[in-house]
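I have placed the structure first, in the form of C-alpha cells, so that the comments after it can refer back to it.
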Number of protein chains: 2
Amino acid sequence: MSRVIRVLVADDHAVVRAGIVALLAAEPDIEVVGEAVDGEQAVDLALALLPDLVVMDVRMPRLTGDAATARIRERSDAVRVLVLTTYESDASILSAIEAGASGYLLKAAPAEELIAGVRSVAAGEVALSPAIAAQLVSRMREPAPTALTTRETEVLRLVAEGLSNRAIGERLFVGEATVKTHLVRAFEKLGVNDRTRAVTLAMERGLI
Amino acid sequence: MSRVIRVLVADDHAVVRAGIVALLAAEPDIEVVGEAVDGEQAVDLALALLPDLVVMDVRMPRLTGDAATARIRERSDAVRVLVLTTYESDASILSAIEAGASGYLLKAAPAEELIAGVRSVAAGEVALSPAIAAQLVSRMREPAPTALTTRETEVLRLVAEGLSNRAIGERLFVGEATVKTHLVRAFEKLGVNDRTRAVTLAMERGLI
DNA sequence: TCTCGGGTCAACCGATCGGTGGACCTCCGG
DNA sequence: CCGGAGGTCCACCGATCGGTTGACCCGAGA
C-alpha cells in the first residue's frame, strides 16, 4: 500500500540541499519532489506539493525552520516535518517540537540515520538523534526553567551588544530599575551571577 | 592536456560530503577520488591519493581544516586546498590562507560558485567568495589590528566564562591589575568599551 | 646596542553593576 | 473571583568595572 515517500527538502545551503537529495534519491522508496531555499518557499511548496514530509533546516533566511514548521502544520497536518540542525545545543529543539515537528536530527548524523529518520517520520513515528534524545531527557529531569520571558530575552540581547543598563532602559522605554529586575531574573534562570556569562550561556543555548 | 580534476572531499558531516560529491561528480571534468571524515584522515588521504585539490571543511574533529591544510601543504605543494566554511565572519579565513589554502568559499555559495572555484584552484588560481573577498579587503583597509595577543585572548576567554577580574588573575597567577591592562588593550583593539560586548564580538570573529 | 612589543604591576576615582526587599499593574486561567 | 505570571518601578548598598597614568622586565629584531 505505501508507495514511494515524497519528500520536500528545505535548506538555504546549496551544498546541503544537494547532499540530502543525493542521499535520499539513492533510495528506491524515497522521491525528492521539490527543494526550497528559505522558510517561506518551504511553506509555499509544502502546501502546493503536499509531500509526505519536509526535511527542514532550522536556520534559514526569511523564515526560520521553526516558524515554517508551525505554518505548515497549521494548514496541513498530513505533511510531517523532519528538522535538521547543526548544533545539538540548539534551543530550537523544544520549539521545533512544539511547532509540530515529528523528528529532529543532527546534520552530523550518518546517512543511514537520516534515511531511517525519513522512513520513520513518513510512517508516523518520531525520529530523534541519540544526542538530541538524551538532551530532551535531561531537560525533563532537571527542572531547567531555561525559558526566558520575552522581556528578559530582549534585555539580554541588548546586553550582548554591550549596552549599559541605563542605555537598555532608554532603548526599551523603561526605567533602569526595570532592566535590572529582568537581568536578575535571567541570572537566576540561567544559574549565573554576571551579565557576561549570562550572555555567553544564552548564546550557547540559542536563547538569543 | 589538462585531464580530469581529481578531488578529495573532507567534511565531518555526511550530508555535506554527499552534497559536495553530488555537485562535483555531475561535472565531466571533475572526479571525486576520496572522502575524509576528519582532519587527520584528510591529511592521510591527501598524501596517499595526491589529488589535484582537497575541498576541506574548516571545523572538523581531531584536526581543524587549518591545521590539516598546513600539514598537507608542508608535505606536498602539488596538492592545493580549497577551504569551505559556514560563517563568513570566521577568523580562520586569514589563518587558512596563511596555512596555504588556495581558496575560501562559503557553504552558502551556489553550486556554480563551488564548481567554478574547484576549476580555478585546480588551474592554479585563487578562489574566494565575494563576501570573503570583501572582508579581506576591508581588513586590509582598516588597520584592524584585530589580532589579540595570547594573554588577551586567554583573559577574554575567562571573561566569557563569567569570571571577575580578580578571579581571572588568580586563575592565571597574575595580579588583578594585569588582567585589567590586558582587557583595556583588548577593548581598544576590538573598538568596544565593555567586557560583554568584547566577548560577543570576539566570538563573532572566532577569536575565542 | 637600542628600541619596541608583550607581559607584569600599582594607585586612584567615578560609573556601573549585582543584591535585596518591596510595590503596583494587567492579563489569563482555574 | 482570586491567584499567579509577566512587566514595571523605587531606594539603598557594597562590589566590581573601566579609565588613567606611570612603571619595570625581558626577548626579538633593527
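Below, chains carry the letters A, B, ... as their sequence lines are ordered, and counting in each starts from 1. The analysis underlying the following values was restricted to heavy atoms, covering all of them including side chains, and did not include hydrogens, waters or symmetry mates.
- Each of A/Arg166 and A/Val184 was assigned the nucleotide of DNA chain C with the nearest heavy atom; the assignment lying further toward the 5' end belongs to A/Arg166.
- The only option from B/Thr153, B/Leu190, B/Leu201, B/Leu156 that meets the side-chain contact (heavy atoms from CB on, under 4.5 Å) definition with B/Leu207 turns out to be B/Leu190.
- You'll find the side chain of A/Arg80 stays beyond 4.5 Å of the side chain of A/Val54, heavy atoms only.
- Pairing each heavy atom of A/Ala46 with each of A/Pro51, the nearest pair is O-CD, 3.3 Å.
- When only modelled atom types and interatomic distance are considered, B/Glu113 and B/Ser129 share a side-chain donor-acceptor pair under 3.5 Å.
- Distance, A/Glu188 CD to C/dG19 P: 9 Å, rounded to whole Å.
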For this session: Before giving the answer on salt bridge (charged side-chain N to carboxylate O under 4.0 Å, His left out), spell out for A/Glu154 and A/Arg157 the whole-Å C-alpha distance, their side-chain angles and the decisive distance to 0.1 Å.
Result: CA-CA 5 Å; A/Glu154 282 178 316; A/Arg157 226 186 289 264; over 6 Å; no

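- Here chain A contacts DNA chain D (any atom closer than 4.0 Å to a heavy atom, that is under 4.0 Å), and the contacts span D/dG6 to D/dC10 from 5' to 3'.
- In the helix from C/dT1-D/dA30 to C/dG30-D/dC1, the terminal helix axes, each the rotation mapping four pairs' C1' atoms onto the next four within five end pairs, subtend 40°, rounded to 10°.
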Tabulate atom names and distances for all N/O pairs under 3.5 angstrom spanning the protein and nucleotides 26-28 of chain C.
none

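- Side-chain contact between A/Ile72 and A/Met56 is present, with heavy atoms from C-beta onward closer than 4.5 Å.
- Applying the salt bridge (charged side-chain N to carboxylate O under 4.0 Å, His left out) rule to A/Arg119 yields the partners A/Glu27, A/Asp29; only residues at least two apart in sequence or on another chain are considered.
- The two residues B/Leu23 and B/Ile115 have their closest heavy-atom pair at O-CD1, 3.8 Å.
- Remark: B/Glu176 pairs with no residue by the salt bridge (charged side-chain N to carboxylate O under 4.0 Å, His left out) rule, at least two apart or across chains.
- Salt bridge B/Glu152/B/Arg185: absent, no basic N to carboxylate O contact under 4.0 Å.
- The distance from the OG1 atom of B/Thr200 to the CZ atom of B/Arg205 is 10.0 Å, given to the nearest 0.5 Å.
- Using a 4.0 Å cut-off between a side-chain N of Lys or Arg and a carboxylate O of Asp or Glu, A/Asp57 and A/Lys107 qualify as a salt bridge.
- Per the geometry, CG belonging to A/Leu183 stands 16 Å off C1' belonging to C/dT20, to the nearest Å.
- With hydrogens and angles ignored, the 3.5 Å screen pairs no side-chain donor or acceptor of B/Arg151 with any backbone N or O of B/Thr178.
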Detail all sub-3.5 Å separations between protein N/O atoms and N/O atoms belonging to nucleotides 8-12 of chain C.
from, atom 1, to, atom 2, distance (Å)
C/dT8, OP1, B/Arg151, NE, 3.2
C/dT8, OP1, B/Arg151, NH2, 2.9
C/dT8, OP2, B/Arg151, NE, 2.9
C/dT8, OP2, B/His182, NE2, 2.8
C/dC9, OP2, B/Gly175, N, 2.4
C/dC9, OP2, B/Thr178, OG1, 3.1
C/dC9, N4, B/Thr181, OG1, 3.0

